[in-house]
2 protein chains.
Amino acid sequence: MLTMDEFIKTCREKGLNVTYQRMVIYKSLMQSKNHPTAEEIYHMVRKEYPSISLATVYKTLETFAELKLINKVTHLHDMARYDADTRPHHHMICIYCKAVYDVHDERLNRLPLPDVDYDGFQITGYSIQFEGVCPACSQKFQRKASS
Amino acid sequence: MLTMDEFIKTCREKGLNVTYQRMVIYKSLMQSKNHPTAEEIYHMVRKEYPSISLATVYKTLETFAELKLINKVTHLHDMARYDADTRPHHHMICIYCKAVYDVHDERLNRLPLPDVDYDGFQITGYSIQFEGVCPACSQKFQRKASS
DNA sequence: ATTCTTGCAAACGGTTTGCACATAC
DNA sequence: GTATGTGCAAACCGTTTGCAAGAAT
């Protein structure tokens with residue numbers, strides 16, 4: 001959540017050309033509260049810059065996310081994944097290979113809910129996504145880092 | 001995670017015909033530890049039942065998930081969503097309209113990690129997904145329930 | 001016999017890609 | 001001037017759909 005000046009400075013620092021498109025896209029995302037999709041951002045941005053292309057929006061968002069300027073909320077969005085284990089449990093996702101492991105830990109099933117009624121939102125349950133590095137990728141990564 | 005007998009019984013109870021395809025798909029998912037995709041299940045199932053079609057696998061998994069026989073791990077998998085707020089925070093997802101709200105609550109940022117080194121998996125962070133009903137859908141739902 | 005399910009192929013929709021042109025530096 | 005980014009259209013790929021044939025009840 002940067003000011004426009006900070007955004008421009010950060011782009012320069014990260015070796016990213018500062019274009020009008022990038023500024024408008026960042027501003028739109030910053031002003032939006034709903035975690036919009038690329039298509040939604042495209043429609044917002046077109047009001048201010050009608051000639052922008054959808055492909056540019058996709059490329060720009062992906063670039064921002066790689067440089068951690070923004071976050072992709074949906075880590076595992078590429079393909080649906082299923083689980084036959086319907087007990088309440090949590091998941092651990094390898095940031096490299098996207099493997100999903102189960103976390104069964106009773107303590108995590110008794111979190112205090114943030115508020116029974118948060119902004120009028122009625123919470124019925126939750127699940128925790130842990131991020132990290134799986135054993136296999138940990139090996140690869142160490143090998144890569146030490147070579 | 002049902003035995004095959006329980007699975008058959010549950011299908012009958014839920015008004016689902018018991019077919020060989022459904023049994024093989026459920027068994028494959030049950031034996032798999034990696035939260036497989038539809039395509040992965042398709043390949044596993046084909047070893048035991050080569051003539052099965054990918055469309056059947058998709059339809060079957062969706063049917064199972066609707067009846068809560070299995071879980072879809074990826075709730076928001078349909079489209080990528082982005083967020084300009086890079087501070088650590090959590091999300092609340094409306095199960096009806098899939099709207100995503102932010103949850104900023106300091107207490108939730110200090111969870112005890114399940115184990116520093118869980119099965120060789122190095123955890124670097126986490127985020128919590130709360131599920132529930134947003135104010136707008138709550139209204140719609142109440143109206144529907146009381147009419 | 002009726003209803004539900006399957007398999008196929010075609011359609012769909014979100015996302016990516018290749019490439020020529022334009023822009024930032 | 002060179003490297004980088006943009007826009008367009010086509011390709012891609014995971015998923016869904018319509019429908020005729022087949023299986024479960």
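Just so it is clear: chains get the letters A, B, ... in the order the sequence lines come, proteins before strands, and each one is counted from 1.
- Nearest heavy atoms, E39(B) versus Y58(B): OE1-OH, 4.3 Å.
- The stretch residues 55-68 of chain A participates, sequence neighbours left out, in these salt bridge (Lys or Arg N to Asp or Glu O under 4.0 Å) pairs: E62(A)-K72(A).
- T63(A) is linked by a side chain to side chain donor-acceptor pair (under 3.5 Å) to nothing, counting only residues two or more places apart in sequence or in another chain.
- The separation between L54(A) atom CG and dT16(C) atom P is 10 Å, rounded to whole Å.
- One interatomic measurement links the two molecules: NE2 of H43(A) to P of dG14(C), which rounds to 10 Å at whole-angstrom precision.
- The stretch residues 20-36 of chain B touches DNA chain C through Q21(B), R22(B), each having a heavy atom within less than 4.0 Å of the strand.
- Side-chain atoms of T124(A) come within 3.5 Å of backbone atoms of E131(B) as a donor-acceptor pair (strictly under, hydrogens ignored).
- If you measure from atom OH of Y42(A) to atom P of dT15(C), you get 14 Å, rounded to the nearest angstrom.
- Looking at which nucleotide of DNA chain C each of G15(B) and A55(B) is closest to, the 5′-most match is held by G15(B).
- Applying the ring pair (Phe, Tyr, Trp, His ring centres under 6.0 Å) criterion to H75(B), with sequence neighbours excluded, gives no partner residue.
- Within residues 56-69 of chain A, the residues approaching DNA chain C are Y58(A), K59(A), by heavy-atom distance under 4.0 Å.
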Show which side-chain atoms of residues 5-12 of chain B pair as donor or acceptor with protein atoms under 3.5 Å away, not counting sequence neighbours.
residue, atom, partner, partner atom, Å
E6(B), OE1, T3(B), N, 2.8
E6(B), OE1, T3(B), OG1, 3.4
T10(B), OG1, E6(B), O, 2.7

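- Positionally, the nearest nucleotide of DNA chain D for I52(A) lies more toward the 5' end than for the other of N17(B) and I52(A).
- Contact footprint of chain B on DNA chain D: nucleotides with an atom under 4.0 Å from a non-hydrogen protein atom, first to last in 5' to 3' order, dG14(D) to dT25(D).
- In this structure, the side chains of Y126(B) and V103(A) stay at 4.5 Å or more apart for every pair of heavy atoms.
- By the side chain to side chain donor-acceptor pair (under 3.5 Å) test, E48(A) is found to be paired with K27(A), residues two or more places apart in sequence or in another chain being considered.
- Every side chain to side chain donor-acceptor pair (under 3.5 Å) that S53(A) has, sequence neighbours left out, goes to T56(A).
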Which donor-acceptor pairs under 3.5 Å do side chains of residues 15-22 of chain A form with protein atoms, sequence neighbours excluded?
residue, atom, partner, partner atom, Å
T19(A), OG1, R22(A), N, 3.1
Q21(A), NE2, Y49(A), OH, 3.2
R22(A), NH1, N17(A), O, 2.8

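- Comparing L16(B) and T19(A) against DNA chain C, the residue whose closest nucleotide sits nearer the 5' end is L16(B).
- Nucleic acid contact for S51(B): sugar-phosphate only, since backbone atoms but no base atoms lie under 4.0 Å from a heavy atom of the residue.
- Nucleic acid contact for Y49(A): sugar-phosphate only, since backbone atoms but no base atoms lie under 4.0 Å from a heavy atom of the residue.
- Axis angle across the helix from dA1(C)-dT25(D) to dC25(C)-dG1(D), with five pairs used at each end and values rounded to 10°: 40°.
- Applying the side chain to side chain donor-acceptor pair (under 3.5 Å) criterion to R87(A), with sequence neighbours excluded, gives D85(A).
- Contact check for H90(A) versus D105(A): no side-chain heavy atoms found under the 4.5 Å cut-off.
- Remark: R12(A) is not in phosphate contact with dA24(C), judged by side-chain N or O atoms under 4.0 Å from OP1 or OP2.
- Listed for the Y101(A) side chain is no donor-acceptor partner under 3.5 Å among the backbone atoms of C134(A).
- Checked by atom type and distance alone, the side chain of R81(A) pairs as donor or acceptor with a backbone atom of H35(B) at under 3.5 Å.
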